[in-house]
Every structure is written in C-alpha cells, then in structure tokens.
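All of these numbers come straight from a predicted model, not from anything done at the bench.
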Amino acid sequence: MENRIAVLGPLSVVLQGVRVHISSAKHRVLLATLVAHRSATVDTIAEYLWGPSQPRNARAAIHVHVARLRRVLDDAAPGGGRVIISTSNGYRLNLADKEVDIDQLRALVRQAGVERDTGNFHAEKVIVTEALSLWRGDAFEDIESDQVRFGDAVTYQDLRTSLQERLFGIEINLGNHIDVLHLVQAAAARNPLRESITSQLMLALYRSGRQADALDTYHAFCRRLADELGVDPGSEIQALFEDLLRGDPGLLPQSSSPAAEAEGSMPWLTSCTLPRDREHFVGRTTQLETAAEYLSSAVSGPAVLAITGPPGSGKTAFAVHLAHQVRSQFPDGQLFASADVGGAAQTIRAIVRDHGAQAGVTHLLSELLLSTGFPRHALPDTTASLSSLLRARLSDRRVLIVLDGVDSTEELSLLLPGSGRSAVVLTGLSRLLGLEAGNDMHTIDLGPLQERESVALLEGVVNDGTGHPTRDELLDIAELCDHLPLALHLVGTQLRGRSLQFRREFLSRLRSDHILHQLSGDPRTAVGLDATLHTSYSALSENAQQLLRLMAFAPGGGFTTQTTAALLGSAELESSVVLDELIRSHLVTETEAGTAVLPELFRQFAAQRSAASDTPEHRQAALGRLARWYLTPIAQLQLRSPTEVQRHRTTLLALLGAASPFNHRLVTTLANLACEVFSAHGDLVDRRAAAAHGYRAARALDDHAGAERFAAAMLVDPSTPRGDHHLSVSGPVHGAGKADDTGGARPWADLEDEGGHLHTAFERALQIHEYDTRTDRDAYVPDNLTRIGRILVGLDRIADGQAFHHRALRAARRNHNLHARATAHLDLASACLLAHHFADAEGHALAARDLFGSFGDDRGRARASVALADVYRAVRRLDVAERLLDDAWKVGRRLGDDLVLVEASIGLALVYRYLDERTKGLLHGIDALLLARSSALSLLEGKALGVLAVNNHFAQRPQRARELLDEALFVHEKTGHELEKACVMRWLPRVDGALGYATRN
C-alpha cells in the first residue's frame, strides 16, 4: 500500500493508501521536524517545537507528543505509528526516500546534475521539470514553527527558485526562449533583485527580437540595486549588457547542421508532460476500468478514447487521472496538450479565432513534436508535414497523448497516430461524431457524480477534522452544485480552513438564488464554472443560444421537439436540429423519457444571458406560444397517454408559474387543463399544485367561481397515488399491522411524525423517500424531504434538519408545488429559530404565510402565523406575537383543527409567561395539554407538558412543575423527541433547586 509524506506545500500524509489528517499544530511540527532531518535528537525536536521558550520537562512532553501522534497515525491506518522509530537520543522517520517528497527532490537534483555533466540537456529538462512539480505551494506551508519558517522553509524556497532558473536556462539554450519568456518575466517580477533571473530575461528578450526591452530591463535593474541596496550590478550581467549593445552573434541560438535536421537522426526524448493528478479524485470507478482496459488492449493500431460530458463534469481531471494510472504501459512518453480555457490554451483559442482551426492544429502538432525532443528550428512549415512527422516518430513507439478541450472534429484527425501502439485520449464538450465516423474509437460520457461520490469529494477537499459541515449539509451542498466535480471543488476550497460562522454564511449564500456567482472561481485563472459555461455557450449556433435562454424561464421543464418549436416559433424539423445541438453539447440532459432538461446551474447561466440579450416582451411571447400549444387539439390528444403526461408534467407546471405575472387568464385556462389531465391519470399531487396556481390567477381576475373550483381541487387528499406503488413497510408503532404500498405508508409516516416514535418514523420516511427516488416519483420528493427534515430536528439534529428542509424547498420549486414550498418555508422557520438565526426564521415564516395565503390555505397560514409569533416571542416583540397567536387560535377553532389549536395554545402559554400573566399562561398550557392528549398528538403533548411545567415553576408551584417534567420525560422517552427531552433536562436542576428551597421553608 502507498505511503507518502509531503511538506512541499501543506503537510500531506498518506499511510497504507489512507489519507491521514493531523489537526494538532504540535504534531504537524513534530512530523515536519522528522521529515526535514529524518533522524532528530530530542534537543532538535524541542527547538522546533518551542524555540527558546522550552518547558522544563521538554523531554517528557516530547514523549507524550510522539505517543499521541503515533496513536493518530495508528487510528487512521493500522500500524501507521511505526513510521516513527525511537533512537538512543531521539526519533527517526522510517520511510524510504521515494516516500518523502523532499528526499525524492534531492534524488532528482542529483540525477539532473549527472545528465548535465554528460551534456544531455533534454533529459535534464525533464528531470528538473519533475522536481519542480513536487511543490504544491510554499514548503512547510502549515507548519507553525519559527525554526521551520526562518530555516527549512527558506532553504527550500531558495532551492525552488534555483531550479526555476535552471529550467529557464535549459529552455533558452535549447532555443525555446519565446515559450518561456512570460515565465521568466513573472519570475523576475517576484525576484526583482536576483541578478541571474534578470540576466536570463535579458537574453530571452534579445533572442526574441526585443533588444530595446532587454536593455531597458538592465537599466531598471541597475536603478533598483542603487535605490534599495546602494550597490552596482555584478560583472557577469554587465558583460551581458555590453554584448547586447554590440549585438554579439554569440548570443543567438546555434542552428543544427543540415544532417541533424533529418527526422531519422533526431533523438527521441522520453518525457511526461501530464499535469499533476487530482489529490481528491473520487468515483468514476467503472468508467476508469473500462477506459484503462480499452487503452491497454489495443493491439492492431493506436487506441483513440474520447471523454465527453457537460461543463464542469471533470473531463480533464478524469483524463489526467486515467493517464497517470496507465503511465507504465506507455514507456516512450506521456504527453499533454490543451486547447481548453485558461493559461497557454488561451493562445491556442486566439490562433483558432484569428487564423482558423487548421492553425490551432498546427500549434498543437508543434507542441507535441517539441515534447518528443524535436528541435523547434527543424519543424516543417506545413500542417500536413507536421502531421506526417509526428506519425513517423510515433510509429514504432508506445506513447500516450492527452488532447484536452477539443471543440470540433475539424482537422482533428491530423493529430492522431497512423500506426503503432500509441494511444490518444481526447476530452471535449460535444460528441465527436465526425471523428467517430472515420476512426475506430471509444467514447465515454461523463455525467454528474453519484450522491455518495459528491459527499466523498467534498469531505476530501474540506477535510479539516472539525466534523463541519455535517454529512447531510455536504449532501445539500452537492445538490446545490448539481453534483458537478468542478462546482464541488470550487465550493470545497472556499470552505476549507474557514470558521464555522463563515461556513454558515457561505452556505446561506449558496442556498440563495445566486449559486452560480459563488462558483465563478478566480477570474485571473478562468477556471470558474461561469467561464467554462461561457466557452460552451459561445460555441453554439445562434438558434441554439436562443433556445437555451428561453428554456431557462420554464425551470425544470422537460422539453420535446414540439414544445421547443413552440418556444422558438419555428417548425418542428428545425427545432429538432437545434435541440439535438444542445443535447450533443451536454448543456441539456436527455432523459430516459426522451425529453431535454436544463440543469439548474446551467439554467441560471442561461437566465443571466437572457437578461442581457432578450426583452421581457420577447420572453413573454415565447412562453405564451408554449402555453397556447398545450391548448391545441394535438397536444390534448397526446396528454391522454400516461407516458406523455409524465413527459410534460414539469413543463405544464413550470408554465403556470412562469406565465402568472403577465397573463392570468391564460393561466386559469391552462390550470383547468392541467387539473383535468392530472386527475385523469391519478396524479393528485400535481393536480393540487396546478390548482394552487389556478386559484391565485382566478383571485387576481376576481373570478370567485373559478377560485372556488380550484380550492375544491386542492382539498382532495393527495397521499395515495393511483397505480402500482408497491413497497413493503412496517405498520403502526410496535408492529401492529402492515401496509404493502407506499401510498398506504405515507399516512403512517405522518402519524408517527406527529404522534408516534421519531426513530421509527425516521426509518419509515427514509424508506419511502428511497423508493420514490428510485422509481422517479419526483412529485412526492418535497414532502418526503420535509418529513425527514422535521424528524431530524426532533432528534436534535438541527443542522441536518435544515439541510433537508432546504433540499425540500428546492424540490418544491422544481415541481412548481406552491403548497410544498410553503410547507418547507414553515419548517425552515422553526429550524432556523432553534439555531438562533432569527432573521432567517422571520423571512421563512413570512414567506410561508404569504404563500399559504396566496392559494387560500387558512390552516397553513395559521400555522405559519404561529411560527412567526415564535420568532417575535424570541426577540421579545410580545404584543405582535400575542396578536398573531390569537388570530391563529381563532382560525383553528373555526376550522376545528386540533393541531393548529394546540400549537397556538402552546405559543400563547409561552407569551403570557414572558408577559408575567401567569394565570393565562397556565390556562393555555392546560388547554394545549388536554387537546394534544385527546387528539393523540404525542409530540405536542410532550412539548405542552414541558411548557406547563415551566409555567408552574414561575407560578411558585415547584412540586407540580416537577411532576409535569417527569410526565414530559416519560412522553419524550416514548416518542424519541430528543430536542424537547434536552430542554426538559435543562429545566430539571432549576425546578429541583426551587423544590428543595420550598421544602426547607
């Protein structure tokens, strides 16, 4: 198994293939000391740990630190503690040189010196490049020790700079001065007083035909030396300046002899130019195995593998990870060339833009040939000659080539080997249909990660040992990121090492409507998701861009050629071509049902582009065309089929929400159609969602008859869907009875949620949700997630409960279900209040109240009023809270709703406690308790007992308060309500103290 400790960057420890997180700063210093010295005395370790301020018992303290560090290593990887061995006067690191990055670095430096001595500069270049690749940041970056900071870290930083200078010198001597000029300029800017780098910059500028810039660089360097140090430049740089002034021909690169320019006499340079592999690469196991087997098994000719997928799906990371896995099978070299966004690739894109696709291919061919050791001055002039030369050099060799970010098939075949056993891995957004038709190749389409893979990736990136965010919060983040690896990496790196307060605020921003903004990345590197999407969008035809923008305004809709034709106002044949372009570009996802869905992050991007490109009238006209298409006879004929209803359900519901602001009459007509369609096929949850939209539109039109009709449609119990929905679940509490379908299980889950045992309810709720997810019953997902979140809060897992409620809110929006949205806001209000996030709690309660009111749900509005009153009670706005609770109680009485009455009575009992109106508080507490008991609302019964107990405590009745707390504990033990149980346990000492005082007096 792999062992590796690396300090050229943040401390990284891998033992037996397991990554070990070392959270203690002293343990990191101790391990870094052993890495730096391999064998260190106790005195040396003490100096590193404490500097001059060493404790009296330093030796004993070091023994304790070593024992604890060994335990950390053993816990992560059994036997891992054995890498630290005791010596007679200290400790030694028991790892091979190749397992420690700085030892590997020293070996590479020695090897590079041997190659230089023999004049093999190409080999020296490869080795120095490999040595520099070991750095992952500043050496000993997270080691908190002055001895390290001012000693070892400085030493290795100087070595890094020296190696960079050495590499620049090799490149310039090999005639690659233009290629490295920008790198030398950047290094000179970082080291403005370093004479050797300035000399290299002057020479590179001169050889690039920029003599004046070279001379200006020298004069600027002289001024800096004089101003900052008061010294003159050294003799070597002065001599170079004089040679530049004279135009000494010896400064120019020496050309090869004509005989050496024949390909057959050119030496082959075995090199690896692959980028560094991802430290946190997870998932894709099956696809990696398939790809590795394909690349390895090609015997009759070169293997060509294409990796495609949507923006941000990790195509480059996959290709690089795959290439590193199969490196040993390609002994003649592993080459990487990129045409994707960022870095030098911008140059390639500029070449393609200004000079055409062939010029970009010419550039890539040249880069590949240079990587094989072919000198730049001997490269042929034409693309065809470059292609022939590359094929000739590859014909008898086994080389792996990764071509990243390929946009199209134009001229691409020129980059492929013609014979031999080499292999090419291509990455791109679109399927390379033209290339597939003319070449034997294999294609792997990457999609989003699985849930567990997304969580594992986030855990690996964030990994700071705090346990925050929780797994359920990570799952919430993964869902917000559409499970795209790039988005997950961007979020994870922003969370890593930050405070809990920052993480909470960042997660709150992520959950807002501006997720894409948080994923923009660093604008200087152009690696954000927005930049990646912009590249994909720019490559689309004008019609495809327009369709993508319009699809953004029917969120979650599943589009067909007919509905996209309506959006575009075009013929179906034309729209099918445009839709196919979007599918091939992976900007929309093709479902098993044959519809095209726009993922949420891509939808946000498209909406931003629409805001900049389309007028509101243009968008309204397109949505109006789509709505009217559903009213045509051909559409209504299609919607008689259950299969077609499932294909169109989200588009129909999305239209009801999207068209509401500008055409209420059209919404009521469309809502009537949707209610009829969903009723005919037993889709009662969707019927209720459609009726809610219709009710709002009818009220806006003062259509009272229409509003009553839609209100009646919403009253139908949606819990039991028609059709097969079999799932074996346990029956009521204690196993009495058995329900054999999920429709029957839902009422049991709700019953246990309100009156049964929370742990049983939790298992049942997870089982129902898993089944609905597996069978694509998306309409039920919001209610399932809300139920799970509510139970988690009751189990005192408030952060996890919030995460599920936020997922429920997104699912409700995706299903355009106003009732589910309002319910999610209601539960979020309660969860945020428990977490003391009062502003968030108020916002969610107000949103729930407004939503319930907008479609005439008086019961829901009353419950939201109770939640809002709880917030105002917590911030001591007691008069407002009392008024809200009194109104809610009256609504509950009018409706005969026990749940509302109990919640409102508990709220009033609490408010009157704070108002010091003890009699009212006791009476409302008693009312809540009696009604909860008679209605079998066990969870609320336990809460009412606790509230009544505390009110008795403040009424100077400690004996009764103690009795009620005992009853409350009994109920909470039975229901598993850990949150309320913890509240009772907090009050017990105070009541017992008052009881003891009362007994003594």
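- Within the 4.5 Å cutoff, the side chain of L550 has no heavy atoms near those of the S610 side chain.
- Applying the 6.0 Å contact sphere to CG of L637 captures more than 12 heavy atoms from other residues, nucleotides or ligands.
- From T823, atom OG1 reaches atom CG of L851 across 9.5 Å, with rounding to the nearest 0.5 Å.
- Relative orientation of the H321 and F281 rings is parallel, given thresholds of 30° and 60° on the angle between their planes.
- The salt bridge (charged side-chain N to carboxylate O under 4.0 Å, His left out) check on D482 picks up nothing, with sequence neighbours excluded.
- R821 is listed as a side-chain neighbour of L818, based on a closest heavy-atom distance under 4.5 Å.
- With hydrogens and angles ignored, the 3.5 Å screen pairs no side-chain donor or acceptor of Y537 with any backbone N or O of R609.
- The only option from E479, H483, E459 that meets the side chain to side chain donor-acceptor pair (under 3.5 Å) definition with S454 turns out to be H483.
- Legend: residues meeting salt bridge (charged side-chain N to carboxylate O under 4.0 Å, His left out) with R649, ordered by chain and number and at least two apart, are D686.
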Checking E763 against Q767 for the side-chain hydrogen bond (donor to acceptor under 3.5 Å, both in side chains) test, could you report, in this order, the C-alpha distance in whole Å, the side-chain angles of both residues, the deciding distance, and whether it holds? CA-CA 6 Å; E763 293 302 321; Q767 195 177 16; over 6 Å; no
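- In terms of modelled atom types and a separation under 3.5 Å, the side chain of R603 and the main chain of L598 share no donor-acceptor contact.
- At least one side-chain heavy atom of D472 sits under 4.5 Å from a side-chain heavy atom of L792.
- Of the charged side-chain nitrogens involved, at least one lies within less than 4.0 Å of a carboxylate oxygen, so that D580 and R584 count as a salt-bridged pair.
- Qualifying side chain to side chain donor-acceptor pair (under 3.5 Å) partners for R284, counting only residues two or more places apart in sequence or in other chains: none.
- Side-chain contact between V645 and F678 is present, with at least one heavy-atom pair separated by less than 4.5 Å.
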Going through the checks in order, is the side-chain hydrogen bond (donor to acceptor under 3.5 Å, both in side chains) test met by S679 and R687? CA-CA 6 Å; S679 294; R687 168 180 164 165; 2.7 Å; yes
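- Taking each heavy atom of A824 and H805 in turn, the nearest pair found is CB-O, 4.0 Å.
- Scanning for ring-ring contact (aromatic ring centres under 6.0 Å, His included) contacts around H769 gives an empty result, with sequence neighbours left out.
- For T427 (side chain) and G405 (main-chain N/O), a donor-acceptor pair under 3.5 Å exists by modelled atom type.
- Aromatic ring centres of F710 and H693 lie farther apart than the 6.0 Å criterion allows.
- Each of R807, R810, R471 was scored for a salt bridge (Lys or Arg N to Asp or Glu O under 4.0 Å) with D476, with one residue passing: R810.
- Not a single donor-acceptor pair under 3.5 Å links the side chain of E581 to the backbone N or O of V578.
- D827 has a carboxylate O that lies under 4.0 Å from a charged side-chain N of R790, or vice versa, which qualifies the two as a salt bridge.
- Applying the side chain to side chain donor-acceptor pair (under 3.5 Å) test to Q546 and every residue at least two apart in sequence or in another chain returns H618.
- A salt bridge (Lys or Arg N to Asp or Glu O under 4.0 Å) check over residues 538-566, counting only residues at least two apart or in different chains, returns the pairs R549-D614.
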